[in-house]
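Here the structure is a predicted model, which means the values were calculated and not measured. Every heavy atom of this structure was used, including side-chain atoms; hydrogens, water molecules and symmetry mates were not. The residues of the chain are indexed from 1 along the displayed sequence.
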Amino acid sequence: MEKIRMTTPLVEIDGDEMTRILWAAIKEQLLEPFVDLKTEYYDLGLPKRDETRDRITHDSAEAIRKYGVGVKCATITPNAQRMEEYHLHEMWKSPNGTIRAALDGTVFRAPILVDGISPVVRNWKAPITIARHAYGDVYRGVEFAAEAGGKAELVVTGRDGQERRQTIYDFECPGVVTGQYNKDSSIDSFARACFQYALDTRQDLWFSTKDTIAKVYDGRFKERFQAIFDAEYKARFDEAGITYFYTLIDDAVARVVRSEGGFIWACKNYDGDVMSDMVSTAFGSLAMMTSVLVSPDGKYEYEAAHGTVTRHYYRYLEGEQTSTNPMATIFAWTGALAKRGELDGNEALRAFAAKLERACLDTIESGVMTKDLASLWEKGEPTVVTSDGFLAAVRSRLEQAL
């Protein structure tokens, strides 16, 4: 068959470890035989980020601004162990955090559901979409180790030079201290993105923070959400028959577990990071969670919600075939291709993305799956395959569909 043409490139952002291996295999087996793939490529593997002093991460974000749609592989956020392992010049910040900050976007994450795998939380009947704020907090924070006898202070200097100063702690022994921030413009963008997404999908929106403890910091999030909702969205929510609901993060967790699903749960940056893993695992697997970063001006970056699968990568380096689930990475590609097709009016590209997703779902629903899903399968004895075996099974179904 003739390959499907693309008129505008995708921004392709490569990553690290096992997901990098799967990235190349997905392109080779499921994309390049069928699509005349046009991408602007950025290697965000840790060695390249270190070589460019992380300039390449910022460049990739600018490319998404230019072309409108990007697709990203999972990447390493280095810690002390990674500093030593990769001989890094610096402990570079999270690439995801850098890109999110550059685009001022909100991350929406939702599980991939298949017939034959029920959620661990048995009363969940519909997907729960996590809306994760994509700016600031611990991902843009600064931190120090404190010596015994030292004092940590929080200082804010006004435009007139006046200082507001408060002691955080007098250290009688060594310790640590961190500072983080957020800003109204980003909080407002987050709120509007959540309200608009709720309207677009006709789902109730829940929002949770801990404003009883962080009265000023989390309180600002609560206040801005409510003000924007009352001024801009309340009447539209009423007309659509959906609701906006605020509660504390600990109460939200309890309510989510008791719910039937089918709503959007908006969380601050770190809360969304943690809760998306909890939701995805409870629905099936960390590798069964889609993720898309949406900027206020309509730029999109698709990625898997999980990490680089380090444990499988070390086994792969030893020559072992792994049964790593590539679903979320495939769906990152299909999401980006579908959006590229939508923006370019390329119906053939959109149709291809839909057929590839259907081939993936049909493969699992036929009983062929990777090891992480096998213990969750409810329809007889599954056929457990390696990553390569799964991709081959998907390709066979895709070829039939095309």
Heavy atoms from other residues, nucleotides or ligands near OH of Y316 exceed 12 (cutoff 6.0 Å): no
Polar side chain donor-acceptor pair, T386 to D388, under 3.5 angstrom: no
F221 six-ring face occupied by K268 cation (under 6.0 Å, within 45°): yes
D184 CG to S189 OG distance, which is reported to the nearest 0.5 Å: 10.5 Å
Modelled atom types, side-chain donor and acceptor of T98 and R49, under 3.5 Å: no
Donor-acceptor pair between Y67 and E40 side chains, under 3.5 angstrom: yes
W23-T329 side chain donor-acceptor pair, cut-off 3.5 Å: no
Flag for N96-Y139: side-chain donor and acceptor within less than 3.5 Å: no
Any donor-acceptor N or O pair under 3.5 Å, side chains Y246, D211: yes
Steps toward side chain to side chain contact (heavy atoms under 4.5 Å, CB included) verdict (H133, S186): CA-CA 9 Å; H133 189 208; S186 182; 2.9 Å; yes
Test salt bridge (charged side-chain N to carboxylate O under 4.0 Å, His left out) applied to E239 and R236, step by step: CA-CA 5 Å; E239 183 180 352; R236 296 164 66 187; over 6 Å; no
Test side chain to side chain contact (heavy atoms under 4.5 Å, CB included) applied to R20 and L44, V309, D14, the passing residue: D14
Min side-chain heavy-atom separation M327-F390 under 4.5 Å: yes
